[in-house]
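The structure appears right after this line, and notes come after that.
Residue indices begin at 1 and follow the sequence shown.
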Amino acid sequence: MRKRQIIIDCDPGLDDAVALLTAFAASDTLDVIGITTVAGNVPGDLTARNARIIRELAGAGKDVPVCKGAPVPMLRDAVTAEDFHGSTGLGNIDFPKPRIPASRQHAVNFLVKTLRATKGFPATLVITGPMTNIALASVMAPDITRGIKEIVLMGGADSEGGNITPHAEFNVFADPHAAHAVFNIGVPVRVLNLDVTHQIRTSDQQVERVRALGSRQAIAAADLLAASNRLEVAAKARVAPLHDPSTIIALLRPDLFDGRKARVSVVTEEGDRFGKTVPEYREDGHVLWYDKADADDVFSEMLGQLGKYR
Ligand code: BDR
Ligand code: CA
């Protein structure tokens, strides 16, 4: 069977980095054909650099281009999340300087060109950051939807409430106009939102099980998860949710998640609900809004994938 081709659009970010490591580990089923980066958790220069660090750590090279994308959101002012990711975006962990440069191609151009060239074998878009790049690509070239099999994204919240404001989740809040466009882009979308990711938290004992795998990639993943827990405990007195890695697990093991079909809009009017996702649950919705996960099995799947590094 042909591998599923995926493009990961991200803002690394501690949990984005773990998602990337997990995706590269799953190379027997997933073919990462490119990484596009966006400003989000930290400014755009840093998210691109962090993606290059992780690409090299995973043993991938120039054939998986890292393309730097939008440095600012579409309409709102930029927001960042250093409190949860450290000033470098990777928890101030000391990683070797990346040697392989970023692609010279802008992320939006890469998306348009690549999605137009999928020729009957559409790619999956995984989005783990603010959705600016994908929204811009879809405005620039609406026909790219023909090259998208589905979008699996981390963003939004309903019953759980927000994590950056009482109503809004960070990725959507950081570019609500873009998120609204992506939720309504016209391809199937699966959403790992806070209602479900808040059920999947990695305990310090689980982090140590990752570390015990022993490869340098697994040890780095453990360092990233531990840093995430430290920052989250300081800010919220709980260990961190496995937000972004859950997108990769949902590709590999959709059976571990459950949800409802919906149509989703985003509040873009100024006010305290700015950036809130509003799912309208209905059978003809093209969005699958997850609200349940088997947390232990999600962790075991991630552990199993990271265990493939030697
Ligand atoms: C999302 O926001 C970011 O801080 C994380 O990387 C994740 O993508 C969670 O709300
Ligand atoms: Ca992210």
Side-chain angles (χ1 to χ4, degrees), residues 1-8 10 12-37 47-66 88-103 123-124 126 128 152 200-230 240 242-256 294-310:
M1 214 174 63
R2 212 166 152 181
K3 294 184 200 177
R4 186 199 275 255
Q5 293 191 317
I6 67 170
I7 299 172
I8 305 179
C10 56
L14 290 163
D15 57 332
D16 303 77
V18 177
L20 289 168
L21 283 170
T22 309
F24 280 117
S27 62
D28 48 346
T29 39
L30 301 180
D31 181 9
V32 183
I33 59 172
I35 300 171
T36 51
T37 61
T47 58
R49 183 177 196 272
N50 293 342
R52 290 167 53 220
I53 290 173
I54 302 300
R55 168 179 66 177
E56 277 179 52
L57 175 64
K62 269 215 296 274
D63 52 320
V64 184
V66 169
T88 62
L90 294 183
N92 299 82
I93 298 166
D94 204 10
F95 284 105
K97 207 169 158 193
R99 285 172 300 110
I100 308 169
S103 163
T124 296
V126 177
T128 65
V152 178
I200 315 167
R201 295 179 189 264
T202 330
S203 68
D204 292 341
Q205 290 79 355
Q206 286 173 319
V207 173
E208 289 319 303
R209 289 178 66 193
V210 174
R211 188 179 305 285
L213 293 169
S215 65
R216 64 199 175 88
Q217 293 87 352
I219 291 168
D223 287 342
L224 293 159
L225 291 166
S228 204
N229 277 357
R230 265 195 311 277
L242 212 51
H243 297 296
D244 294 345
S246 65
T247 57
I248 305 300
I249 305 303
L251 293 180
L252 300 166
R253 292 288 309 274
D255 58 305
L256 301 182
D294 188 329
D296 287 340
D297 286 356
V298 170
F299 173 75
S300 300
E301 179 65 24
M302 185 178 79
L303 187 71
Q305 295 300 339
L306 292 170
K308 292 177 177 170
Y309 287 112
R310 290 288 159 237

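Considering only heavy atoms from C-beta on, Ile219 comes within 4.5 Å of Arg211 through its side chain. With a 4.5 Å cut-off on side-chain heavy atoms, Phe299 and Ile200 do not count as touching.
The side chain to side chain donor-acceptor pair (under 3.5 Å) search around Thr36 returns Asp9, not counting sequence neighbours. For Pro65, the side-chain contact (heavy atoms from CB on, under 4.5 Å) criterion is met by Cys67, Ser103, Phe110, not counting sequence neighbours. Residues forming a salt bridge (Lys or Arg N to Asp or Glu O under 4.0 Å) with Asp28 (at least two apart in sequence, or on another chain): Lys308. Under the side-chain contact (heavy atoms from CB on, under 4.5 Å) criterion, Ser203 pairs with Gln205, Gln206, not counting sequence neighbours. Every side chain to side chain donor-acceptor pair (under 3.5 Å) that Thr128 has, sequence neighbours left out, goes to Asp16. With sequence neighbours excluded, no residue satisfies side chain to side chain donor-acceptor pair (under 3.5 Å) with Asp244. Residues satisfying the side-chain contact (heavy atoms from CB on, under 4.5 Å) test with Arg4, not counting sequence neighbours, are Ile6, Leu30, Thr124, Lys149, Glu150, Arg190, Leu251. Taking the side-chain contact (heavy atoms from CB on, under 4.5 Å) definition, one finds that Ala51 meets it with Pro12, Ile35, Thr37, Val66, sequence neighbours left out. Here Arg216 pairs with nothing under the salt bridge (Lys or Arg N to Asp or Glu O under 4.0 Å) rule; sequence neighbours left out. When the salt bridge (Lys or Arg N to Asp or Glu O under 4.0 Å) test is applied to Asp63, no partner is found at least two apart in sequence or on another chain. Listed by chain and number, the residues in a side chain to side chain donor-acceptor pair (under 3.5 Å) with Asp294 amount to none (sequence neighbours excluded).
Heavy-atom contacts from other residues, nucleotides or ligands closer than 6.0 Å to CG of Asp255 number more than 12.
Interatomic distance, CZ of Arg209 versus CG of Leu225, reported as 13.0 Å (0.5 Å rounding). To the nearest 0.5 Å, atoms OG (Ser215) and CG (Leu306) are separated by 7.5 Å.
With hydrogens and angles disregarded, no donor-acceptor distance shorter than 3.5 Å links the side chain of Arg253 to the backbone of Val298.
Legend: side-chain hydrogen bond (donor to acceptor under 3.5 Å, both in side chains) pairs involving residues 295-304, not counting sequence neighbours, sorted by first then second residue: Glu301-Gln305.
Here the closest non-hydrogen pair linking Ala58 and Leu21 is CB-CD2, 4.3 Å.
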